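Data first, discussion second: the structure below is written as structure tokens.
Counting starts at 1 for both ligands and their atoms, in listed order. Every value quoted in this text rests on a predicted model; they were computed, and no experiment measured them.
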Amino acid sequence: MRVLITGGAGFIGANLVHYLLRERPEWDVVNVDALTYAGNLENLAGVEDNPRYTFVHADIADKERMRAVFAEHRPDAILHLAAESHVDRSILDSTPFIRTNVTGTQVLLDEARRLGERVRFIHVSTDEVYGALGPEGKFREQTPLAPNSPYSASKAASDFLVRAAQRTFGVDAVITRCSNNYGPFQFPEKLIPLMIANAREDRPLPVYGDGLQVRDWLYVEDHCAALLAVLERGKAGEVYNIGGDNEWPNIEVVRLILDHLDKPESLIRHVEDRPGHDRRYAIDASKIERELGWKPSHRFEHALPETIDWYLAHENWVASVRSGRYREYYERQYGRRVREQ
Ligand code: NAD
Ligand code: TYD
């Protein structure tokens, strides 16, 4: 079995590379990543020498390149995670979101189709495509898509393209929609690693608006386990929600981090709210539990402190990302410069 992961140098992708090499010792993993600002090969230190792992530096929106990559590696399955993933960046400039999330997804679908029906295509999407919830209810797979940010709109567009490729051309495609992840290797522009890094240095913690927006947090390894279950047992044409049944207002998450680090709440700064800020996300994951037998195995009460301790123990990783030094890793490792994006 040869699995091609896109975006394997990012947060979830890198965790997934480690997870698959460990959990499926007979599989080969090919990681296709463009190494944007979010791609960090330091996340994969230690796997480069594994004979079952191959890294390909390539842009998924480059059709000719993808054709050559698919012809050379002939994957049995694609786990598609490459994306522009940060809402705030999409508000500043949506251009790369359309290129990678929409065009890139279509390029991959076309190439999967050329290889034939035997190629399984797992499209890793997000609960954000459903829009925002009020105080009650949860997102179900049947909830109509109503994205509110350029990021979530581009992900929703990609979901529709995947759906169309399955219905029109019979591509063996499945869509997953997961809630917010936390864990090792997350880029410190996202809430949890940003707050840990700032609190550690006694810098202010920027909480958007009143901080009462709610997110449903899932430990990244539980997401990896769900993706493996979908790859192995998911039904073509289906959507599977993935979530931790673990809702927290942002301000409470920030307080837990401060408390664990023994830092004062006076570091919290309420700043201007994000435009179009979704008030609440919550996932109903009963379908994947019922049909594929997956459920989360990490509890926030333990996994959040462990995650904080991981960032404390990996001071060099954080410093490298914050200073931009991580961009030089590729050059040292492969003797070529990372293309600026
Ligand atoms: P990330 O931003 O940490 O990583 C994205 C990776 O994709 C990077 O390694 C980057 O270099 C690569 N990439 C970007 N553009 C590319 C291109 N054109 N060609 C090839 N590679 C490219 O993202 P993440 O948080 O790991 O998210 C991974 C996927 O999971 C995304 O599709 C995202 O929408 C989805 N998702 C994320 C979360 C979350 O909480 N982080 C939750 C649900 C779903
Ligand atoms: P984020 O990690 O960007 O994920 P998403 O927007 O995709 O859910 O943000 C999580 C929540 O934290 C979201 O409600 C926005 C909020 N937030 C802040 O309050 N301050 C910050 O500095 C960041 C990055 C996010």
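- If you look at Glu189 next to ligand 2, the close heavy atoms, those under 4.0 Å, all belong to the backbone.
- Distances shorter than 4.0 angstrom do not occur between any heavy atom of Thr6 and any atom of ligand 1.
- If you look at Asn101 next to ligand 1, there are no close heavy atoms at all, none under 4.0 Å.
- Put simply, no part of Gly8 is less than 4.0 Å from ligand 1, judged by heavy atoms.
- Ala14 does not count as a contact of ligand 1, since none of its heavy atoms falls under 4.0 Å from the ligand.
- Using a 4.5 Å heavy-atom cutoff, the side chains of Phe55 and Leu44 are not in contact.
- Remark: among candidates Ser85, Pro188, Pro206, Ser90, the nearest residue to atom 22 (O) of ligand 2 is Pro206, based on non-hydrogen atoms.
- With atom 6 (O) of ligand 2 as the reference point, the heavy atom nearest to it among Arg274, Gln213, Glu128 is part of Arg274.
- The two atoms that bring Pro75 and Phe70 nearest to each other are CD-O, 4.0 Å, heavy atoms only.
- A salt bridge links Arg114 and Glu111; the closest N-O separation between the charged side-chain nitrogens and carboxylate oxygens is under 4.0 Å.
- Taking a cut-off of under 4.0 Å to the non-hydrogen atoms of Asp59, the atoms of ligand 1 that pass are 17 (C), 18 (N), 19 (N).
- Counting only non-hydrogen atoms, the option in Val124, Thr176, Leu35 that gets closest to atom 30 (O) of ligand 1 is Val124.
- Taking any N or O of Asn40, backbone or side chain, none lies under 3.5 Å from an N or O belonging to ligand 1.
- Counting only N and O atoms by type, the side chains of Asp309 and His260 include a donor and acceptor under 3.5 Å apart.
- Of the polar atoms of Leu81, at least one N or O is found under 3.5 Å from an N or O of ligand 1, judged by distance alone.
- No N or O atom of Lys190 sits closer than 3.5 Å to an N or O atom of ligand 2.
- Shown in contact with Val87 at under 4.0 Å from a heavy atom are these atoms of ligand 2, numbered in order with element: 6 (O), 7 (O).
- Where the criterion is an N or O separation shorter than 3.5 Å, residue side chain and backbone included, Asn180 fails it with respect to ligand 1.
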Apply ring-ring contact (aromatic ring centres under 6.0 Å, His included) to the pair Trp310 and Phe185, showing each step before the final yes or no. CA-CA 9 Å; Trp310 185 90; Phe185 304 125; 5.0 Å; yes
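- In terms of N/O distances under 3.5 Å, ligand 1 is not approached by His80.
- Below 4.0 Å from some heavy atom of His86 lie the following atoms of ligand 2, by number and element: 3 (O).
- Inspection of the Asn43 and Trp317 side chains reveals an N or O donor paired with an N or O acceptor under 3.5 Å.
- Arg215 forms no cation-pi arrangement with Tyr182, by the criterion of a distance under 6.0 Å to the ring centre and an angle within 45° of the ring axis.
- For atom 16 (C) of ligand 2, the choice among Asn250, Asn180, Asn181, Asp127 with the nearest heavy atom turns out to be Asn250.
- The pair Asp59-Arg65 does not meet the salt-bridge criterion, since no charged nitrogen lies less than 4.0 angstrom from a carboxylate oxygen.
- Minimum interatomic distance between Gln213 and Tyr208 (heavy atoms only, all atoms of both residues): NE2-O, 3.3 Å.
- Scanning all heavy atoms of the two residues, the minimum distance from Arg167 to Gly237 falls at NH1-O, 3.6 Å.
- Looking at Pro96 against ligand 1, nothing comes within 4.0 Å, counting heavy atoms.
- Side chains of Tyr37 and Glu189: a donor-acceptor N/O pair is present below 3.5 angstrom, by distance only.
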Working for salt bridge (charged side-chain N to carboxylate O under 4.0 Å, His left out), residues Asp76 and Arg118: CA-CA 7 Å; Asp76 302 297; Arg118 61 174 199 94; 2.8 Å; yes
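- Considering backbone and side-chain atoms together, His277 places an N or O closer than 3.5 Å to an N or O of ligand 2.
- Contact check on Glu64 versus Arg67 returns no salt bridge, with no Lys/Arg side-chain nitrogen under 4.0 Å from an Asp/Glu carboxylate oxygen.
- Remark: ligand 1 and Thr100 share an N or O pair separated by less than 3.5 Å (distance only, no angle test).
- No hydrogens or angles considered: nothing links the side chains of Glu84 and Tyr151 as a donor-acceptor pair under 3.5 Å.
- Against a heavy-atom cut-off of under 4.0 Å, Ser179 is close to the following atoms of ligand 1: 42 (C), 43 (C).
- Scanning all heavy atoms of the two residues, the minimum distance from Val119 to Asp172 falls at O-CB, 3.5 Å.
- Remark: ligand 1 atoms within the under-4.0 Å shell around heavy atoms of Ala9 are 9 (O).
- Contacts of Leu191 with ligand 2, taken as heavy-atom pairs under 4.0 Å, involve both backbone and side chain.
- Heavy-atom proximity to atom 11 (O) of ligand 1, evaluated over Val56, Leu16, Asp33, Leu191, is greatest for Asp33.
- For ligand 2, the atoms closer than 4.0 angstrom to any heavy atom of Arg215 are 8 (O), 13 (C), 14 (O).
- Among the atoms of Ala34, some N or O lies under 3.5 angstrom from an N or O of ligand 1.
- In terms of heavy atoms, His80 sits closest to Ala82 at CE1-O, 3.3 Å.
- Residue Val32 places no N or O, backbone or side chain, under 3.5 Å from any N or O of ligand 1.
- Here Tyr151 has side-chain heavy atoms under 4.0 Å from ligand 1, and that is the only part of it that gets that close.
- When every heavy atom of Ile175 is checked against every heavy atom of Asp159, the shortest pair comes out as CD1-O, 3.5 Å.
- Between the CG atom of Leu227 and the CD1 atom of Ile242 there is a distance of 5.0 Å, given to the nearest 0.5 Å.
- Contacts between Leu194 and ligand 2, counted as non-hydrogen atom pairs separated by less than 4.0 Å, involve the side chain only.
- Proximity to Ser85 (heavy-atom distance under 4.0 Å) selects the following atoms of ligand 1: 1 (P), 2 (O), 23 (O).
- Residue contact check: Val207 has heavy atoms under 4.0 Å from atoms 19 (O) of ligand 2.
- Contact annotation: the side chain of Glu247 approaches that of Lys138 to within less than 4.5 Å [non-hydrogen atoms, C-beta and beyond].
- When the options Tyr281, Tyr208, Tyr182, Trp217 are ranked by their closest heavy atom to atom 25 (C) of ligand 2, first place goes to Tyr208.
- Taking a cutoff of 4.0 Å between a charged side-chain nitrogen and a carboxylate oxygen, Asp127 and Lys155 do not qualify as a salt bridge.
- Side-chain contact check for Ile268 versus Leu258: some heavy-atom pair is nearer than 4.5 Å.
- In summary, the atoms of ligand 1 found under 4.0 Å from a heavy atom of Ser125, numbered by their order in the structure, are 43 (C), 44 (C).
- The shortest N or O to N or O distance between Ile12 and ligand 1 is below 3.5 Å.
- Contact annotation: for Lys155 versus ligand 1, heavy atoms closer than 4.0 Å belong to the side chain alone.
- In terms of N/O distances under 3.5 Å, ligand 1 is approached by Asn181.
- In summary, the atoms of ligand 1 found under 4.0 Å from a heavy atom of Ala58, numbered by their order in the structure, are 19 (N), 20 (C).
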